[in-house]
*Asks:* 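Dumping the structure here so I can ask a few things about it.
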There are 2 protein chains.
Amino acid sequence: MFKFAARKILGLTKDTTTEKKIKEAAKAVFYSKGFEGCSSREIAQAAGLNVALVNYYFRSKNKLFQEIFSEALDEFVGSMVQIFQTELSLIEKLTIFIEKEFDFLARHPELPNFIINETNRDENCAIDESKYFNKVQETGVFEQMKLAQSKGEMIEIDIASVILLILSNCQYPVMSKNFMQSIMPIPNEQYALLLQSHKAHVIEMLVNYLFKTKI
Amino acid sequence: MFKFAARKILGLTKDTTTEKKIKEAAKAVFYSKGFEGCSSREIAQAAGLNVALVNYYFRSKNKLFQEIFSEALDEFVGSMVQIFQTELSLIEKLTIFIEKEFDFLARHPELPNFIINETNRDENCAIDESKYFNKVQETGVFEQMKLAQSKGEMIEIDIASVILLILSNCQYPVMSKNFMQSIMPIPNEQYALLLQSHKAHVIEMLVNYLFKTKI
DNA sequence: ACTTGTTTTAAACATTTGTTTAATATAGTT
DNA sequence: AACTATATTAAACAAATGTTTAAAACAAGT
């Protein structure tokens, strides 16, 4: 019955290319259509395989999704942490983070909408509440902010607000592309250009506002 | 066969409470679960009616959805236009718009995610590409911006970028509530407070940046 | 060649889906 | 009261869904 489950737990799978194929296909399909927007068969077909194989390797559509989703979150928070844990100044961290985030999102434009969306669909899918928070906290970036605030280098503002300001201005422009194009006449190529110039505005605006230091 | 369609076209429906009940129920269900996240039967049940009635009044789930969605967009753009067409200064318009948008979104927190999401799901659902753009353009707010820019009162920035800055900072904080709560430990009541103080930051930041005029 | 354990497939299963049908109830008109 | 058009319902339909089963293909060891 649960042979493969046991094997997986014991780490005995030979990590076959099939499993990876399914995961890659599932990733692509889930990202663009969401959990409820696609079927198991669609994923199997995208991987060029039988439906039963999907459940053979991942037990259920739900389980497969959870794995993909949690890796998406990992990747997402990971890129944040990667920059925060450097020894740069806050302004540098902020600037570089926004730069990287815009570039990253240009390559994975479906990701933010996917995460926001699925977090809203199933509130329980918030995995390990504190796991990600701790990761970020361990970088010491919060202390760095509080220190800067006490020294008057940074404005008094809730740290959650800072996160919100950053994510809002990085992610929303990507998520809302189709919506923006439905209320304003902007062809695809031009939207990419818009994002580039928008990035510069976001950086300047946030740095100026948070640090009261003209660039 | 298409009796009711003919009646609707001819405006002969007595606008029964049943039709409204279905629409209200559909609105609530679609908003919170999206088109693919719910079934016709779920909508019927929420309205306390038979499934067949939903199709009797709206022909299909798709058609019902289109009606709801396009009204959501109307409402959304309408509130924008309402403020833009006043005789206020740009700074006042911006400030009031953000104030109202935050209040509006506090009452309809599912709306932005719903619109963004469904616009991404079916790119064809972008109804009447120019309709909304014209509505906004007719308010003359774009000319007002260009004038302010030529007078040096406002920074040089693409108007699409301005829209993006505003919507990003108003909508994302609401859309991402569940996501934020899964990476930071913020209870519900506190998140509402956070949004209030965040609103003030957004106003100050945007006014300062766009108009180079300290409040 | 036989056995054993793993991978893959086609087919089946029970539910759920959007939609339609055919019958019943309701109300208004003559 | 009978007729008619509308409103509502229960039941049915075909298609799609997530999942399981049972059999086949494959590989490795003996």
Side-chain angles (χ1 to χ4, degrees), chain A residues 1-26 29-30 32-69 118 121-122 125, chain B residues 1-26 29-30 32-69 118 121-122 125:
Chain A
M1 177 63 81
F2 44 89
K3 288 179 213 159
F4 54 90
R7 292 198 315 107
K8 272 192 115 179
I9 289 167
L10 297 169
L12 298 178
T13 60
K14 43 177 182 164
D15 200 20
T16 141
T17 153
T18 305
E19 184 169 352
K20 272 186 192 161
K21 260 197 283 185
I22 296 177
K23 213 163 185 174
E24 282 310 304
V29 177
F30 278 144
S32 73
K33 305 205 176 186
F35 178 74
E36 283 158 333
C38 70
S39 68
S40 308
R41 280 167 180 82
E42 192 173 351
I43 293 172
Q45 196 170 351
L49 299 165
N50 193 290
V51 207
L53 262 191
V54 173
N55 282 347
Y56 176 73
Y57 278 98
F58 296 92
R59 320 221 28 177
S60 75
K61 184 191 178 190
N62 227 310
K63 189 84 176 43
L64 170 57
F65 177 80
Q66 293 298 340
E67 238 172 89
I68 304 268
F69 180 76
E118 302 299 334
R121 182 177 60 84
D122 179 12
C125 82
Chain B
M1 174 66 79
F2 45 89
K3 289 179 210 159
F4 55 88
R7 290 197 316 108
K8 275 192 112 179
I9 289 168
L10 297 169
L12 299 179
T13 60
K14 43 178 181 163
D15 199 20
T16 142
T17 153
T18 306
E19 183 168 353
K20 272 184 190 162
K21 261 197 282 185
I22 297 176
K23 213 163 184 173
E24 282 311 304
V29 176
F30 277 145
S32 73
K33 305 203 174 187
F35 178 75
E36 283 159 333
C38 70
S39 68
S40 308
R41 280 167 180 82
E42 193 173 349
I43 293 171
Q45 197 170 352
L49 299 164
N50 194 290
V51 207
L53 262 191
V54 174
N55 282 345
Y56 177 73
Y57 279 98
F58 297 92
R59 319 220 30 178
S60 74
K61 183 191 179 190
N62 228 310
K63 188 86 177 42
L64 171 57
F65 176 80
Q66 293 300 340
E67 238 171 270
I68 304 267
F69 181 76
E118 302 298 334
R121 183 178 59 84
D122 180 10
C125 81

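Throughout, protein chains are lettered first and strands after them, A, B, ... in sequence-line order, and every chain is numbered starting at 1.
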*Asks:* Looking only at heavy atoms, which two atoms of A:Ile22 and A:Ala47 are closest? And how far apart?
*Replies:* CA-CB, 4.1 Å

*Asks:* Assess whether a salt bridge exists between B:Glu118 and B:Arg121, defined as any Lys/Arg side-chain N lying under 4.0 Å from an Asp/Glu carboxylate O.
*Replies:* yes

*Asks:* Just how far, in rounded Å, is P of D:dG18 from CD of A:Gln66?
*Replies:*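 Interatomic distance, CD of A:Gln66 to P of D:dG18: 15 Å.
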
*Asks:* Kindly say if B:Ser40 contacts the phosphate of C:dG18, meaning a side-chain N or O under 4.0 Å from OP1 or OP2.
*Replies:* yes

*Asks:* When the distance from NZ of A:Lys20 to P of C:dT7 is rounded to whole Å, what number comes out?
*Replies:* 15 Å

*Asks:* Within less than 4.0 Å of OP1 or OP2 of D:dT8, is there a side-chain N or O belonging to B:Tyr57?
*Replies:*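 Yes, such a contact exists.
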
*Asks:* Tell me the closest heavy-atom pair linking B:Cys38 and B:Val29, and the distance in Å.
*Replies:*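 Smallest heavy-atom distance, with atoms named: CB-CG1, 3.4 Å.
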
*Asks:* Output one line per pair: protein atom, nucleotide atom from nucleotides 11-16 of chain D, and distance, for all N/O pairs under 3.5 Å.
*Replies:*
unit_1	atom_1	unit_2	atom_2	d
D:dA12	N6	B:Arg41	NH2	3.4

*Asks:* Do the side chains of B:Glu42 and B:Lys33 get close enough for a salt bridge, i.e. N-O under 4.0 angstrom?
*Replies:* yes

*Asks:* Provide, to the nearest angstrom, the distance between the CD atom belonging to B:Glu36 and the P atom belonging to C:dG18.
*Replies:* 10 Å

*Asks:* Heavy atoms only: give me the nearest A:Lys63-A:Phe58 pair and the separation to one decimal.
*Replies:*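 For A:Lys63 and A:Phe58, the tightest heavy-atom pair comes out as CB-O, 3.2 Å.
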
*Asks:* Considering all heavy atoms of both residues, which atom of A:Leu64 and which atom of A:Ala26 are nearest to each other, and what is their separation?
*Replies:*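 For A:Leu64 and A:Ala26, the tightest heavy-atom pair comes out as CD2-CB, 3.7 Å.
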
*Asks:* Provide, to the nearest angstrom, the distance between the CG atom belonging to B:Asn55 and the P atom belonging to C:dA22.
*Replies:* 16 Å

*Asks:* When you measure from the side chain of A:Leu53, which nucleotide among D:dA7, C:dT19, C:dT9 comes out closest?
*Replies:* C:dT9

*Asks:* Can you tell me the distance, in whole Å, between the CD1 atom of B:Ile43 and the P atom of C:dG18?
*Replies:* 8 Å

*Asks:* Search all heavy atoms of B:Lys23 against all heavy atoms of B:Ile68 and return the closest pair with its distance.
*Replies:*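 B:Lys23 and B:Ile68 have their closest heavy atoms at O-CD1, 3.5 Å.
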
*Asks:* What is the distance, rounded to the nearest whole Å, between atom CZ of B:Arg59 and atom P of C:dT21?
*Replies:*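 About 12 Å, once rounded to whole Å.
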
*Asks:* Ignoring the backbone of B:Lys61, work out which of C:dT19, D:dT9, D:dA7 is nearest its side chain.
*Replies:*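 Within the option list, the nearest is C:dT19.
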
*Asks:* Specify the separation, in whole Å, of atom CD1 of B:Ile22 and atom C1' of D:dT9.
*Replies:* 13 Å

*Asks:* Please check the phosphate of C:dT8 (OP1 and OP2 only) for any side-chain N or O of A:Tyr56 closer than 4.0 Å.
*Replies:* no

*Asks:* Taking CG from B:Leu49 and C1' from D:dA10, how many angstroms apart are they, rounded to a whole number?
*Replies:*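 Whole-Å distance recorded here is 14 Å.
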
